[in-house]
2 protein chains.
Amino acid sequence: MFSAASMPVTTADKTFLSIRNDIVEGVIVAGSKLSETELSTKYGVSRAVIREAINRLEANHLIERKANIGAKVVTLSPEGLSELYQIRESLEGMAARLAARNMTDEEIVSLNELLTSHFDKVKTGERYYQEAGDLDFHYRIIIGSKNKQLISLLSNGIYHLVRMYRVQLGMAGPRVTTAYDEHKNIIQAISHRDEELAEILMRRHIDYSRQNIARKLSSVNPTGV
Amino acid sequence: MFSAASMPVTTADKTFLSIRNDIVEGVIVAGSKLSETELSTKYGVSRAVIREAINRLEANHLIERKANIGAKVVTLSPEGLSELYQIRESLEGMAARLAARNMTDEEIVSLNELLTSHFDKVKTGERYYQEAGDLDFHYRIIIGSKNKQLISLLSNGIYHLVRMYRVQLGMAGPRVTTAYDEHKNIIQAISHRDEELAEILMRRHIDYSRQNIARKLSSVNPTGV
DNA sequence: TTAATTAATAATGTCGACAATTTTAGAGGG
DNA sequence: CCCTCTAAAATTGTCGACATTATTAATTAA
């Protein structure tokens, strides 16, 4: 997951990653207040390190800060999910368009191999696909766009909020096989260098995904999380 | 520009805004290193405040940080501009689509009035339009999307980097009148609640704008900034 | 002279303490 | 009983000092 250049080196790095993971996994519950002194003792570092981490968490859209008051973990809501997926649809649609333009032939071959290995795993009934596999697929296309700012915006920006929704709402549904077909079609469009189609298919794929998770969210808890 | 809720209150707020403005205006030159101690003396605050400001500048995509090394102002390049406008095209296209869906009738009326007042100013030869007017137009549509995360991503995220490009490359060109027509057509699409058309027109509008600024950038300095 | 090693310097990272602000608890009056 | 005002407690904001890491300069050997 981490390239050598972004390996954690300072204690602030590690603390940030620990807290972020705890927020995504729900160990620190959504909507709760983040006390600097409390976190300081819990993670065994000074408040300066905690404040550094809080700043990065805010940049990741996982917490909200108010001056002189403090930071709170974001709350998960149907509206927030919808808003997030609208952004994903927009940005990843563009990423797919750019991937069709800028991915090397080698990258496309490798992406096809990834899809094949997923297919094998789906056949044998492994739950692998939806969890890491889907993220991996999207990640490769994002990288394939070759747009550094877009890559940063998606992987450092909103990616972990997406993960937070998926983890805390428990994503493992009947979409595994249908998502496979959608992925296949997207790769085909990229192979044909059809930017327009690649973007359209990616946007639909994400919109289907949004509907799927929104359905689950409303059925499990009709009034929101 | 600032709503009451986001008024600067702490010295870190004010320092952040000061430094950000100096970066956008080019007082702190693009690509230069940001020394914490130097900034500390220059702005008359402690290093802790400077570090807080630097964190927020990073969230605004105006600087880049490396652990144990420091922060540098981003460099302006044709590639960076292209990447930024691809993101704008994507996100503001979505914003226009959502604005066509979610703006109130009153907001649309007000937007039309804004356009009319711009038209008057363009007629009298004021240079007002391209500078603040264009930003105002885009800002209203972003707000009209009613997508809080999208609003945050655009106005707190990449907006100031856009400004930095425009300010430092000196935006005042022959696009004033043509941009006016493009704005008019976008508003019309929103009035008709035509989401599809609103998105398409906004994307084209931003792409034209990108071509315009890219042309200026390459003619002034063929090898980049 | 050049390259490599090492010491000195300067920068960022981290810490604990103090200041300013907010929140809470309590006393008093209505 | 409730509201207001006040004081105490707790929290965030800011500061200067120290620790750790990078950079630079000097020294030595080839």
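The shown structure was predicted, so the numbers you read here are calculated from the model rather than taken from an experiment. So you know, we letter chains A, B, ... as the sequences are listed, proteins then strands, and number each from 1.
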Legend entry - Under-4.0 Å salt bridge between B:Glu79 and A:Lys146: no
Donor-acceptor contacts, no H, no angles, side chain residues 22-29 of chain A, under 3.5 Å, sequence neighbours left out:
| residue | atom | partner | partner atom | Å |
| --- | --- | --- | --- | --- |
| A:Asp22 | OD2 | A:Tyr43 | OH | 2.6 |

Inset, instruction - Check each residue of residues 43-55 of chain A for a non-hydrogen atom within less than 4.0 Å of any atom in DNA chain D, then write out the ones that pass by number, or none. - result: A:Arg47, A:Arg51
Legend entry - Pairwise side-chain hydrogen bond (donor to acceptor under 3.5 Å, both in side chains) hits with a residue in residues 27-39 of chain B, at least two apart: B:Ser35-B:Thr37, B:Glu36-B:Arg47, B:Glu36-B:Arg51
Legend entry - Shortest non-hydrogen contact from B:Ala59 toward A:Ala59: CB-CB, 4.1 Å
Legend entry - Pairwise side-chain contact, B:Arg65 with B:Ile54, heavy-atom cut-off 4.5 Å (strictly under): yes
Legend entry - SB check B:Glu64 B:Lys72 (cutoff 4.0 Å): no
Inset, instruction - Could you point out which residue of B:Met164, B:His160, B:Arg56 forms a side-chain contact (heavy atoms from CB on, under 4.5 Å) with B:Arg20? - result: B:His160
Legend entry - Strand-adjacent residues in residues 63-72 of chain A, judged by heavy atoms under 4.0 Å from DNA chain D: A:Arg65, A:Ala67, A:Asn68, A:Ile69, A:Gly70
Legend entry - Taking every non-hydrogen atom, the tightest pair across B:Ile141 and B:Ala99: O-CB, 3.8 Å
Inset, instruction - Would you check if A:Ser145 and A:Met94 make a side-chain contact, meaning some heavy-atom pair closer than 4.5 Å? - result: no
Inset, instruction - Using the salt bridge (charged side-chain N to carboxylate O under 4.0 Å, His left out) rule, collect all pairs that involve residues 81-92 of chain B, keeping only residues at least two apart or in two chains. - result: B:Arg88-B:Glu92, B:Glu89-B:Arg203
Legend entry - Positional range of nucleotides in DNA chain D within the contact set of chain A, heavy-atom, under 4.0 Å: D:dT11 to D:dT14
